[in-house]
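Throughout, residue positions are numbered sequentially from 1 according to the sequence presented.
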Amino acid sequence: MKPSPKTKTAATPPAKAVKATRTAKAPRPGKAAEITEAADAAPERIDATEEPRAVAPARASIRDVAEAAGVSLKTVSRVINEDAAVRPEMRERVRQAIAALNYQSDPLARSLRGTHSFALGLVYSNPNAHYLVSLQNGVLSACREQGYGLQIHPCSTPAHGSIEELLALVRRSRLAGLVLAPPMSEQRDLVQALAAHGVAVIRIVSAGDDPRDMQDCVRVDDRRAAHAVTEHLIQLGHSRISFLWGEGYYESSVQRYAGYMDAMRDYGVEVDPQLVLEGEFNFNSGFRRARKLLAMSAPPTAVFGSNDEIAAGVLAAARSVGFDVPSDLAIAGFEDSPFSQLTWPPLTTARQDTVEIGRRAALRLIERVRHAQSGRPLDLGAEQFTPELVVRGSAAPPRRR
């Protein structure tokens, strides 16, 4: 910000020139560099009636933190980097100084100037916008908590994310590791190749049991949740229950279908193959398949869509041919996305906490990276999420025909 205008007074004789020195902090990644300018200048008189302009406070630097805490720059850096060797009382002094100065470190700058990286990558290939936004928010919240940066890397198709591409991403952006979202996380060859090149990876996968492939992951038990959804429809009195797949190369599609089949088998309900249709995880796919189902001579009384977008498409198709929901057709979805609550009636579904899933995956990755840097072994154990059944107005007992 420019200083207040100054008024020169002609009556004041020129004084002896003095050396004026100005020191300004010019921010640089991770450190504020001091710039000193020297120039000959004559003293000037400022009009006292003029209001001085406010000067924005400079952003605190790591040097400011060190001075406030009375420690070295190296000690501050070790505290920021969670070095366990720092004495507790010293750590507390540095943290108090950081809080008092509102100091914020730059993860990218720390990565560039140090031997350790402080940035993660999130790699995905998924057309579901709600899922992606929720996942990104979860991963980003963990990165902010732990002082890490985040780079998001979309792949146009599952096959697009080659090992060469991802290795180049890690090197170019100096990433500490990668969070792999479905379906990238389900490509075993890709995951194993990344591990072979020393890239830390945490996968988010659909699996009821530990895959036992020696690769760390956060598991989502879609199978058990799909069983609960199907069971609910059966207990309402439905027997002609349709299942609409998402893309078959998503393990979540496979697991949700398996849960549907488990429940039908557990209750002794016969599955009509004509009621099980393949398709995609989107509204239009749900709409088209539902129109086909509802044109049958013996249409289903209930439809279970592999996600809420599919289920919302089914609801629109039912309305378009004069079916009442839920009296003529019960509908259930999966994930508890905005689609499930914006429809009328709102959808029965399985609530999947995608934000927390992303957050936990990132925290596990950061913990693994830190232990690898310290040379200590780490066994994080298994972490699993099971989506919960949410009963809403789109499902009811079948109308007697």
Where the side chain of [X] meets the backbone of [Y], is there a donor-acceptor pair that is under 3.5 Å apart?
| X | Y | result |
| --- | --- | --- |
| His238 | His232 | no |
| Arg289 | Ser285 | yes |
| Tyr124 | Gln136 | no |
| Ser394 | Ile331 | yes |
| Ser242 | Leu275 | yes |
| Arg399 | Ser327 | no |
| Arg291 | Ala317 | no |
| Ser340 | Asp308 | no |
| Asp222 | Ser206 | no |
| Ser134 | Tyr131 | no |

Minimum side-chain heavy-atom gap [X]-[Y] below 4.5 Å:
| X | Y | answer |
| --- | --- | --- |
| Ile234 | Met264 | yes |
| Pro387 | Val220 | yes |
| Val229 | Phe304 | yes |
| Trp344 | Val325 | no |
| Asn307 | Arg256 | yes |
| Val276 | Tyr257 | yes |
| Arg223 | His227 | no |

(request) Output the distance between atom CG (Leu315) and atom CG (Leu347), rounded to the nearest 0.5 Å. (result)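 These two atoms lie 6.5 Å from each other.
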(message) Can you tell me how far apart CG (Leu190) and CZ (Arg188) are? Round to the nearest 0.5 Å.
(response) 12.0 Å
(request) For Val314 and Leu293, run side chain to side chain contact (heavy atoms under 4.5 Å, CB included): C-alpha distance rounded to whole Å, both residues' side-chain angles, the deciding distance at 0.1 Å, then the answer. (result) CA-CA 10 Å; Val314 174; Leu293 289 168; over 6 Å; no
(request) Only one of Arg359, Arg360, Arg219 passes salt bridge (Lys or Arg N to Asp or Glu O under 4.0 Å) with Glu383; say which it is. (result)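 So, applying the salt bridge (Lys or Arg N to Asp or Glu O under 4.0 Å) to Glu383 and each of Arg359, Arg360, Arg219, only Arg360 qualifies.
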(request) Decide side chain to side chain contact (heavy atoms under 4.5 Å, CB included) for Gln352 and Phe385; before the verdict, give the C-alpha distance in whole Å, the side-chain angles of both, and the deciding distance to 0.1 Å. (result) CA-CA 8 Å; Gln352 178 174 280; Phe385 290 82; over 6 Å; no
(message) According to side chain to side chain donor-acceptor pair (under 3.5 Å), who are the partners of Arg171, at least two apart in sequence or on a separate chain?
(response)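 Applying side chain to side chain donor-acceptor pair (under 3.5 Å) to Arg171 gives none.
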Taking atom [atom1] of [X] as the centre, report whether more than 12 heavy atoms of other residues, nucleotides or ligands fall under 6.0 Å from it.
| X | atom1 | value |
| --- | --- | --- |
| Arg144 | CZ | no |
| Glu388 | CD | no |
| Gln274 | CD | no |

Which pair of heavy atoms, one from [X] and one from [Y], lies closest together, and at what distance?
| X | Y | answer |
| --- | --- | --- |
| Ser306 | Phe243 | OG-CZ, 3.2 Å |
| Gly121 | Leu150 | C-CD1, 4.3 Å |
| Ala302 | Leu329 | N-CD1, 3.8 Å |

(message) Considering only residues two or more places apart or on different chains, which pairs with a residue in residues 269-283 satisfy salt bridge (charged side-chain N to carboxylate O under 4.0 Å, His left out)?
(response)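 Non-adjacent pairs meeting salt bridge (charged side-chain N to carboxylate O under 4.0 Å, His left out): Arg240-Asp272.
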(message) Between Arg370 and Glu367 (salt bridge meaning N to carboxylate O under 4.0 Å), is one present in this structure?
(response) no
(request) Flag the pair Asp336 and Arg392 as a salt bridge only when some basic side-chain nitrogen lies within less than 4.0 angstrom of an acidic carboxylate oxygen. (result)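 Between Arg392 and Asp336 there is a salt bridge, with a charged N closer than 4.0 Å to a carboxylate O.
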(request) May I ask you to check whether His153 and Glu165 show a side-chain donor-acceptor distance below 3.5 Å? (result)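 Note: His153 and Glu165 side chains meet the donor-acceptor criterion.
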(request) With sequence neighbours left out, write down each residue that passes ring pair (Phe, Tyr, Trp, His ring centres under 6.0 Å) with Phe287, or none if nothing qualifies. (result) none
